[in-house]
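Predicted, not measured: the structure shown is a model, and the values here were computed from it. Note on naming: letters A, B, ... go to the chains in the order of the sequence lines (proteins, then strands), and numbering restarts at 1 for each one.
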Amino acid sequence: MSPDLLAILAQPAPLVAPHLIGWTLTHHTPHGSVAIELTEVEAYAGESDPASHAWRGPTARNSVMFGPAGRLYVYLSHGLHHCANVVTGPEGEASAVLLRAGRVVAGVDVARRRRGEQVARHSLARGPGNLGQALALTRQHSGAHLFDGGPLVLSPPSRTPAAVSSGPRVGVSRAHDWPWRYWLPGDPTVSAYRRGKTADTQPVPHLPL
DNA sequence: CATCTGATCCGCT
DNA sequence: GCGGATCAGATGC
């Protein structure tokens, strides 16, 4: 990995997240390769973030979040869906960016085989569970390096997106008003916004942008 | 379009 | 034992 990529990813998740829009995650498998250009992500900090898996400190599940940047953190959601994060920040500090949606830019036929033949192209990786399924990710991929020549590869965009919007995070029951969701405005592959259940009592932290 | 529900497993209390 | 960083389909405006 080049030094400038490492410099970007070694920052805390809320700073890295908007820069990941337009990056491409590719998974090479014996059944084919699928590449997804990210259009929507969400930042999750560590012990200071009540919505983060790392909020109550390190556990067996979230240990990857505390590791070095540039690896994948995959978890099983609601017993059904595999959701993927890019681990960011310095080693020892929990920080990750959830990959919420993207556009399939290679391997559309492979992705459709996994998601269903009737699924519209723009919906193949719309939503974190769907993105994980399109890439055939499971918890076995948690901890995988994204820059070591393995089957999972994260590559930067050729040109940076013209504009990135930000707003409240989706579906979380705590601190959902923290504006740590970032997306490509107007893009059809961005998932529908669903507000979290309860009102937000946590103060919004200062964003060092 | 907004809101609700069931499916289904695991991590943590 | 409870609830979740979800999704698709149904129901109600």
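No side-chain heavy atom of A/F147 sits under 4.5 Å from any side-chain heavy atom of A/S155. Side chains of A/H27 and A/L137 form a contact here, defined as non-hydrogen atoms less than 4.5 Å apart.
Nucleotides C/dA8 and B/dC10 have their C1' atoms positioned 22 Å apart, rounded to a whole Å.
Under a 3.5 Å cut-off, the side chain of A/S123 and the backbone N or O of A/R126 do not form any donor-acceptor pair. With A/E42 contributing its side chain and A/V170 its backbone, the two residues share a donor-acceptor pair below 3.5 Å. Remark: the backbone N or O of A/R115 is not paired with any side-chain donor or acceptor of A/N130 at under 3.5 angstrom.
Put simply, CZ on A/R195 is 18 Å from C1' on C/dG4, counting in whole angstrom units. The distance from atom CG of A/N85 to atom C1' of C/dA5 is 8 Å, rounded to the nearest whole Å. The distance between atom OH of A/Y193 and atom C1' of C/dT6, rounded to the nearest whole Å, is 15 Å. Per the geometry, CZ belonging to A/R139 stands 16 Å off P belonging to C/dT6, to the nearest Å. Atom CE in A/M65 sits about 15 Å away from atom C1' in B/dG11, given to the nearest Å. Taking atom CD of residue A/E42 and atom P of nucleotide C/dT6, one finds them 8 Å apart after rounding to whole Å.
A/Y182 and A/P14 get closest at one heavy-atom pair: OH-O, 3.4 Å.
Annotation: the span from A/D148 atom CG to A/L152 atom CG amounts to 9.5 Å, rounded to 0.5 Å. Atom OG1 of residue A/T138 and atom CD of residue A/Q133 lie 12.5 Å apart, to the nearest 0.5 angstrom. We find the CD1-OG1 distance between A/I36 and A/T26 to be 9.0 Å, quoted to the nearest 0.5 Å.
Among the duplex regions that DNA chain C forms, those built from at least three successive Watson-Crick or G-U pairs under 3.5 Å are B:1-7 with C:6-12, B:9-12 with C:1-4, ordered by first number.
With a 6.0 Å radius and a threshold of 12 heavy atoms from other residues, nucleotides or ligands, A/H28 has its NE2 atom above the threshold. Counting non-hydrogen atoms of other residues, nucleotides and ligands closer than 6.0 Å to CD of A/Q118 gives a total of 12 or fewer.
Less than 4.0 Å separates DNA chain C from at least one heavy atom of each of the following residues of residues 44-55 of chain A: A/Y44, A/A51, A/H53. Listed by residue number, the members of residues 76-84 of chain A with any heavy atom below 4.0 angstrom from DNA chain B are A/L76, A/H78, A/G79, A/L80. Applying a 4.0 Å cut-off to non-hydrogen atoms, the residues of residues 90-105 of chain A that approach DNA chain C are A/L98, A/R100, listed by residue number.
Within the cation-pi definition used here (under 6.0 Å to the ring centroid, within 45° of the axis), A/R169 qualifies as a partner of A/Y44.
The hydrophobic cluster containing A/V153 does not contain A/L135, counting ILVMFWY residues as joined when their side-chain heavy atoms lie under 4.5 angstrom apart, directly or transitively. Criterion: ILVMFWY side-chain heavy atoms under 4.5 Å apart, direct or through other members. Under it, A/L184 and A/L124 are part of a common hydrophobic cluster.
Side-chain contact of A/S191 with A/E40: a donor-acceptor pair under 3.5 Å is present, judged by distance alone.
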Quick one: side chains of residues 72-87 of chain A, donor-acceptor pairs under 3.5 Å with protein atoms, not counting sequence neighbours, listed by atom name and distance.
unit_1, atom_1, unit_2, atom_2, d
A/Y73, OH, A/H53, ND1, 2.8
A/N85, OD1, A/L98, N, 3.4
A/N85, ND2, A/Y73, O, 3.2

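For A/S173, a side-chain nitrogen or oxygen approaches OP1 or OP2 of C/dG4 to under 4.0 Å.
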Under 4.0 Å protein heavy-atom contact, by nucleotide of nucleotides 8-13 of chain C - B base, S sugar-phosphate only: S-----
